[in-house]
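Structure first, then comments.
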Amino acid sequence: QVQLVEYGGGLVQAGGSLRLSCTASGRFFSINTMGWYRQAPGKQRELVATITNGGSINYADSVKGRFTISRDNAKNTEYLQMNSLAVEDTAVYYCNAAVLTIAPLRNLEVWGQGTLVTVSS
């Protein structure tokens, strides 16, 4: 059906930057909202940022001014540029997308496999 594949996680020092990408593949009509979530050890998954097909963006307060979400609709790809990283940003980051699929026709929420971001002090 539909898969989301994430790239860009790794180890970075506090104050540094990373760029995550997430590409959707498979058979679908369209992707509405795409977003990034993260889950730190011992904590529940939390929203980081979302972006609609029309470009409306929401950020969690904890990342405002530091992270930037964007998407390239022609490539079915979203990005998360992370600057001024802090130890508290350490988590597994998950890509998310709301997809209208083909055969069967349905609205489907899809998650990526997760990519680990580790920020060292």
Side-chain angles (χ1 to χ4, degrees):
Q1 281 184 293
V2 183
Q3 288 184 313
L4 302 179
V5 180
E6 304 172 25
Y7 305 91
L11 176 65
V12 65
Q13 286 187 296
S17 298
L18 282 175
R19 190 190 191 202
L20 307 182
S21 65
C22 173
T23 299
S25 62
R27 186 167 174 79
F28 51 85
F29 279 119
S30 62
I31 303 173
N32 188 13
T33 301
M34 303 187 77
W36 292 95
Y37 294 73
R38 67 186 182 185
Q39 187 167 16
K43 297 183 178 180
Q44 290 190 319
R45 187 177 301 180
E46 65 176 354
L47 183 144
V48 176
T50 60
I51 182 168
T52 69
N53 195 32
S56 297
I57 295 172
N58 286 306
Y59 293 103
D61 289 340
S62 60
V63 306
K64 286 181 179 178
R66 300 188 298 121
F67 291 9
T68 302
I69 189 172
S70 61
R71 63 190 288 174
D72 185 335
N73 291 330
K75 297 180 179 179
N76 294 319
T77 298
E78 68 167 339
Y79 306 92
L80 185 69
Q81 178 67 46
M82 303 183 293
N83 298 326
S84 301
L85 283 163
V87 173
E88 292 77 14
D89 296 314
T90 295
V92 177
Y93 284 71
Y94 296 92
C95 178
N96 172 269
V99 180
L100 180 61
T101 64
I102 300 172
L105 182 64
R106 60 181 291 185
N107 290 305
L108 182 67
E109 188 172 35
V110 184
W111 291 91
Q113 81 282 3
T115 184
L116 178 63
V117 173
T118 302
V119 184
S120 65
S121 61

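The first residue in the sequence is number 1, and the count goes up from there.
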Set of salt bridge (charged side-chain N to carboxylate O under 4.0 Å, His left out) partners for R66, sequence neighbours left out: D89
Taking all heavy atoms of Q113 and all of V5, pick out the closest pair and write down the distance. OE1-CA, 3.7 Å
Do you know the tightest heavy-atom contact between R106 and Q1? CD-NE2, 4.5 Å
Among N76, T33, V110, which residue satisfies the side-chain contact (heavy atoms from CB on, under 4.5 Å) criterion with V99? V110
Is the shortest side-chain heavy-atom distance between Y79 and T77 below 4.5 Å? yes
How far apart are the closest heavy atoms of E78 and G35, and which atoms are they? OE2-O, 2.8 Å
Mind checking the OH-OG1 spacing from Y59 to T50? Nearest 0.5 Å is all I need. 9.5 Å
Can you measure from CG (N58) to CD1 (I69) and round to the nearest 0.5 angstrom? 9.5 Å
Spacing of N73 atom CG and R71 atom CZ [to the nearest 0.5 Å]: 4.5 Å
Can you get from L4 to Y37 by hopping between Ile, Leu, Val, Met, Phe, Trp and Tyr side chains that sit under 4.5 Å apart? no
Working to the nearest 0.5 Å, report the span between CD1 of I57 and CZ of F67. 14.5 Å
Verify side chain to side chain contact (heavy atoms under 4.5 Å, CB included) between I31 and N53, making sure each step is shown before the conclusion. CA-CA 7 Å; I31 303 173; N53 195 32; over 6 Å; no
Could you walk me through whether W36 and M82 satisfy the side chain to side chain contact (heavy atoms under 4.5 Å, CB included) test, starting with their C-alpha distance in whole Å, then the side-chain angles of each, then the deciding distance to 0.1 Å, before giving a yes or no? CA-CA 12 Å; W36 292 95; M82 303 183 293; over 6 Å; no
Heavy atoms only: give me the nearest V92-G114 pair and the separation to one decimal. CG1-CA, 3.9 Å
Distance, nearest 0.5 Å, that separates CD of Q81 from CG of L18: 8.5 Å
To the nearest 0.5 Å, how far apart are CD in E6 and OH in Y93? 11.5 Å
Considering non-hydrogen atoms only, spot the tightest contact between N83 and S17 and give its length. OD1-OG, 2.8 Å
Can you find a heavy atom in the side chain of L105 that is under 4.5 Å from one in the side chain of F29? yes
Any F28 side-chain heavy atom under 4.5 Å of L108 side chain: no
Report yes if the side chains of K75 and S21 come closer than 4.5 Å at any heavy-atom pair, otherwise no. no
Please say whether more than 12 non-hydrogen atoms of neighbouring residues, nucleotides or ligands are located less than 6.0 Å from CD in Q3. no
Transitive ILVMFWY side-chain link L80 to I51, under 4.5 Å: yes
Mind checking whether V87 and V12 sit in one hydrophobic cluster, side chains of I, L, V, M, F, W, Y counted as touching below 4.5 Å? no
Hydrophobic clusters here meaning ILVMFWY residues chained together by side-chain heavy-atom distances under 4.5 Å, can you tell me if L47 and W111 are in one? yes
Tightest non-hydrogen contact, residues M34 and C22, listed as CE-O, 4.5 Å
Examine Y94 and L116 and state if one hydrophobic cluster contains both, with Ile, Leu, Val, Met, Phe, Trp and Tyr joined whenever side-chain heavy atoms are less than 4.5 Å apart. yes
